[in-house]
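One structure below.
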Amino acid sequence: MGSSNICSVSSCLWLYLQQTKMEYEWKPDEQGLQQILQLLKESQSPDTTIQRTVQQKLEQLNQYPDFNNYLIFVLTKLKSEDEPTRSLSGLILKNNVKAHFQNFPNGVTDFIKSECLNNIGDSSPLIRATVGILITTIASKGELQNWPDLLPKLCSLLDSEDYNTCEGAFGALQKICEDSAEILDSDVLDRPLNIMIPKFLQFFKHSSPKIRSHAVACVNQFIISRTQALMLHIDSFIENLFALAEDEEPEVRKNVCRALVMLLEVRMDRLLPHMHNIVEYMLQRTQDQDENVALEACEFWLTLAEQPICKDVLVRHLPKLIPVLVNGMKYSDIDIILLKGDVEEDETIPDSEQDIRPRFHRSRTVAQQHDEDGIEEEDDDDDEIDDDDTISDWNLRKCSAAALDVLANVYRDELLPHILPLLKELLFHHEWVVKESGILVLGAIAEGCMQGMIPYLPELIPHLIQCLSDKKALVRSITCWTLSRYAHWVVSQPPDTYLKPLMTELLKRILDSNKRVQEAACSAFATLEEEACTELVPYLAYILDTLVFAFSKYQHKNLLILYDAIGTLADSVGHHLNKPEYIQMLMPPLIQKWNMLKDEDKDLFPLLECLSSVATALQSGFLPYCEPVYQRCVNLVQKTLAQAMLNNAQPDQYEAPDKDFMIVALDLLSGLAEGLGGNIEQLVARSNILTLMYQCMQDKMPEVRQSSFALLGDLTKACFQHVKPCIADFMPILGTNLNPEFISVCNNATWAIGEISIQMGIEMQPYIPMVLHQLVEIINRPNTPKTLLENTAITIGRLGYVCPQEVAPMLQQFIRPWCTSLRNIRDNEEKDSAFRGICTMISVNPSGVIQDFIFFCDAVASWINPKDDLRDMFCKILHGFKNQVGDENWRRFSDQFPPPLKERLAAFYGV
């Protein structure tokens with residue numbers, strides 16, 4: 001029957017449904033039943049048009065109260081039907097419960113509930129499971145309270161002689177424990193777990209493996225939350241787990257391993273006496289024939305490595321454990337099939353859309369430069385072991401590699417005696433799968449064992465560079481990753497020794513004919529760029545040549561990674577990119593992509609991020625491209641805000657916008673403002689960006705506020721004349737966002753206030769009360785992240801610089817944390833203005849610094865080259881203090897200084 005007949009069917013069906021009276025002794029109408037069966041059959045058709053029509057019909061039928069009675073009837077009573085159709089009927093009912101349960105008439109609800117309980121022991125496993133899903137869905141709709149006999153009834157069915165009834169009830173209970181763990185452990189239900197948990201424990205010894213597995217899985221739901229009812233029985237639980245250790249059923253062994261991993265986190269005290277045996281057991285299970293069991297067991301090493309006792313507990317097991325983990329890092333045969341390991345060239349095959357993972361934009365955070373390195377990232381998440389993302393995301397290989405990585409961080413070089421003999425054998429093995437796993441091992445230990453590996457690197461790095469041209473694509477791709485883990489060392493050596501050959505080979509791999517290798521090479525190159533920074537400048541033409549050529553070669557997914565490599569290059573070499581010949585190579589392909597993409601296309605995210613870095617690096621070199629880019633960003637912000645307003649007013653009519661478009665656009669505008677400086681003035685003058693920013697600063701979403709404050713700071717620096725008229729509106733909003741619960745929002749708001757104060761000068765006065773109190777509170781908070789502390793200190797200093805009379809009275813409340821947070825940042829303009837502020841405040845309120853003067857001395861000594869007039873300010877304060885207390889007291893005071901501080905102050909300031 002084609003889709004054309006469905007319409008006539010459903011109109012007859014509606015009549016039946018209307019005529020059928022709602023009674024508790026409910027009987028279906030035969031003809032209505034046949035037509036619902038017809039619909040269920042059709043919904044299993046592969047033809048999507050038919051499926052869509054069926055979907056619409058099912059939606060319409062939901063208007064009839066007893067439609068759901070038909071569905072439960074097919075599931076539980078219609079034994080003559082085939083199981084897939086009956087199960088489907090139950091799943092459609094489950095969706096109706098999810099969407100419309102509050103509208104079900106009481107009679108229907110009661111009928112469904114009683115049918116579920118009467119059929120939980122259906123002879124078919126599929127039907128039992130479907131009934132279980134239906135029960136837990138009703139339970140999680142708040143019905144555990146309104147279905148008081150559900151849990152007692154299921155628990156009593158566990159004692160049934162009939163296997164199907166017992167298994168069905170257990171299956172339902174397991175699903176309820178998974179979905180409703182919290183409410184089961186609350187007073188709302190009179191704490192049923194006090195009865196349920198001891199009951200579950202009795203079934204650990206049941207003769208049926210399926211039931212043993214359900215029992216362990218049920219109890220496992222309550223470990224992490226340290227549920228009281230379980231903690232009372234913890235010893236008996238652990239004892240019962242040990243009894244199941246060698247169970248013949250993989251599912252039971254898997255649940256035992258899972259339980260032990262969780263107990264490691266919450267009840268280490270109870271496992272400690274048995275630790276030796278548990279470790280031996282987990283070693284066995286990590287080599288289990290069943291990969292799911294092995295994976296659960298392998299998690300144990302990851303969790304144990306986070307515990308302080310790990311080092312002592314594991315040390316004598318390392319000789320056995322390390323070979324097991326290394327062995328788990330080989331690709332299995334099934335992995336190689338899934339990864340198409342035998343397909344070497346696939347660059348011309350377009351990507352399927354589901355291969356492309358959603359990307360998350362990281363909004364701009366303003367940070368300070370430090371003496372020892374570039375900008376500090378609070379979270380560095382680019383390094384995780386991520387080499388084969390098409391297999392189910394987490395598997396034994398990845399888990400083993402992650403475990404080896406964390407153990408290398410625990411034991412450092414003490415791990416090497418166990419690893420080096422294995423590595424020698426693996427890295428030069430004739431079988432590619434073995435060699436590939438050796439290269440992964442070498443990458444996994446890079447972070448933890450770096451010091452101990454250094455003597456071997458002069459031999460290993462050239463070997464790895466050679467492996468970059470291995471004939472197997474999977475070997476080439478893992479080699480890219482492993483080399484990126486040693487990039488820091490490579491860059492520390494003379495460039496011609498390793499950097500140049502590595503870069504040459506990596507650039508070839510960026511143009512590999514295999515997509516996985518292209519991706520790995522692009523990511524590795526981005527890491528190398530971050531490490532090498534300006535070391536790459538001599539090779540820029542060659543690098544750009546390759547990256548631009550990749551534009552014409554790459555399929556969709558890798559293009560997104562290529563944008564990242566180009567953006568990172570711009571961040572790393574900065575203004576060195578601003579040469580006409582480089583701009584001519586790089587900008588046309590980027591602008592061509594920019595013009596091709598529609599405003600709704602999520603590929604704009606990585607492209608906007610990339611352009612933001614490029615604009616900042618090119619500075620005036622970006623001028624020819626800035627107008628269309630600026631205009632489009634403003635439009636994206638405007639569109640998103642308009643869509644959000646419509647959605648707020650009429651949520652059922654307009655869907656919520658994806659605010660990432662607005663966030664990325666604000667960040668690119670920041671990049672333009674930073675790169676173009678005063679040249680952006682004309683563009684700002686001709687647009688309504690400040691009005692839009694006023695709305696963005698008040699958005700509910702923290703990331704939107706974060707990016708709008710970054711832009712506010714950048715526009716303040718670039719063209720304050722356009723920002724100034726809005727200051728009275730902006731300042732109160734900035735004040736309310738000085739809330740350290742949203743670290744990045746707070747950080748950017750703080751930074752913007754500092755930039756505004758420098759421009760406002762004495763006119764900042766009326767706004768000081770809106771912000772000063774919060775800033776002093778933040779700088780004194782324990783555990784405030786470094787970046788936020790530094791920005792807060794700079795802003796307090798800047799406020800004190802422009803309005804010393806208003807800020808100086810509070811000096812004593814912030815001087816100590818102020819000094820300690822600024823001693824580690826590089827000499828720069830921001831540090832300069834902040835220290836001028838502190839000196840001005842000390843001259844207004846000298847007593848405010850007396851108690852913490854040693855901290856001030858230390859902060860002054862952190863300057864390498866202060867400007868002459870700032871050095872004079874320091875001199876004046878130091879000598880003033882010395883003269884005030886007299887030579888004898890000064891000598892006693894300065895004897896407390898660490899020697900380097902003493903020498904420095906004497907040499908620079910003559911005190």
Side-chain angles (χ1 to χ4, degrees), residues 371-374 382-383 420 423-424 427-428 435 438-439 442-443 445-447 449-471 475-512 517-550 561-562 564-583 585-586 613 617:
D371 285 341
E372 56 294 359
D373 50 20
D382 296 338
D383 247 8
L420 288 172
L423 267 177
K424 276 203 181 78
L427 285 172
F428 301 95
K435 175 170 153 184
I439 297 171
L442 189 55
I445 61 169
E447 196 187 333
C449 305
M450 181 58 89
Q451 277 321 102
M453 286 306 294
I454 287 175
Y456 306 99
L457 293 180
E459 185 190 343
L460 283 173
I461 298 293
H463 174 63
L464 287 173
I465 292 175
Q466 231 179 326
C467 294
L468 281 175
S469 39
D470 193 278
K471 60 179 198 301
V475 173
R476 299 198 297 277
S477 62
I478 198 62
T479 305
C480 291
W481 178 76
T482 292
L483 277 163
S484 75
R485 301 268 287 178
Y486 290 96
H488 187 77
W489 181 82
V490 166
V491 170
S492 70
Q493 305 299 303
D496 285 358
T497 329
Y498 307 107
L499 177 61
K500 206 171 164 186
L502 170 59
M503 190 181 62
T504 312
E505 282 308 306
L506 262 185
L507 288 170
K508 287 183 193 157
R509 293 293 65 84
I510 285 179
L511 303 178
D512 200 278
V517 179
Q518 294 171 357
E519 176 184 2
C522 245
S523 301
F525 196 71
T527 306
L528 185 65
E529 290 170 338
E530 284 173 353
E531 292 290 349
C533 290
T534 49
E535 297 275 335
L536 297 177
V537 172
Y539 317 109
L540 265 175
Y542 181 40
I543 294 171
L544 285 169
D545 222 15
T546 304
L547 296 179
V548 168
F549 187 65
I561 296 160
L562 180 62
D564 183 52
I566 291 172
T568 308
L569 179 67
D571 294 337
S572 304
V573 300
H575 64 90
H576 297 285
L577 202 54
N578 188 7
K579 288 214 170 73
E581 62 272 30
Y582 298 159
I583 296 175
M585 292 167 80
L586 182 58
S613 297

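From a predicted model like this one, the values you see are computed outputs, not experimental measurements.
- Taken from CD1 in Ile478 to CG in Leu483, the straight-line distance is 10.5 Å, to the nearest 0.5 Å.
- Ser613 is linked by a side-chain hydrogen bond (donor to acceptor under 3.5 Å, both in side chains) to Asp571, counting only residues two or more places apart in sequence or in another chain.
- Here the shortest heavy-atom pairing between Ala565 and Glu529 reads O-OE1, 2.8 Å.
- Between Tyr486 and Leu460, the closest side-chain pair of non-hydrogen atoms is not below 4.5 Å.
- At least one side-chain heavy atom of Leu442 sits under 4.5 Å from a side-chain heavy atom of Leu423.
- Taking every heavy atom of both residues into account, Ile561 and Glu519 meet most closely at CD1-CG, 3.3 Å.
- Here Tyr498 pairs with Trp489 under the ring-ring contact (aromatic ring centres under 6.0 Å, His included) rule; sequence neighbours left out.
- For His488, the side-chain hydrogen bond (donor to acceptor under 3.5 Å, both in side chains) partners at least two apart in sequence or on another chain are Glu531.
- Put simply, the side chain of Tyr582 never gets that close to the backbone of His576: no donor and acceptor are under 3.5 Å apart.
- Arg476 places no side-chain N or O within 3.5 Å of a backbone atom of Cys467 that could act as its donor or acceptor partner.
- Taken from NZ in Lys579 to CG in Leu544, the straight-line distance is 11.0 Å, to the nearest 0.5 Å.
- Heavy atoms from other residues, nucleotides or ligands lying under 6.0 Å from CD of Glu459 number 12 at most.
- When side chains are defined from C-beta on, Thr504 does not count as touching Tyr539, because their heavy atoms never get closer than 4.5 Å.
- Within the 4.5 Å cutoff, no side-chain heavy atoms of Phe525 are placed close to those of Thr568.
- Remark: side-chain polar atoms of Thr482 are not paired, donor with acceptor, to backbone N or O of Thr479 under 3.5 angstrom.
- Residue Cys480 holds its SG atom at 11.0 Å from CG of Leu528, rounded to the nearest 0.5 Å.
- Residues Met503 and Leu536 meet the side-chain proximity criterion, which asks for heavy atoms closer than 4.5 Å.
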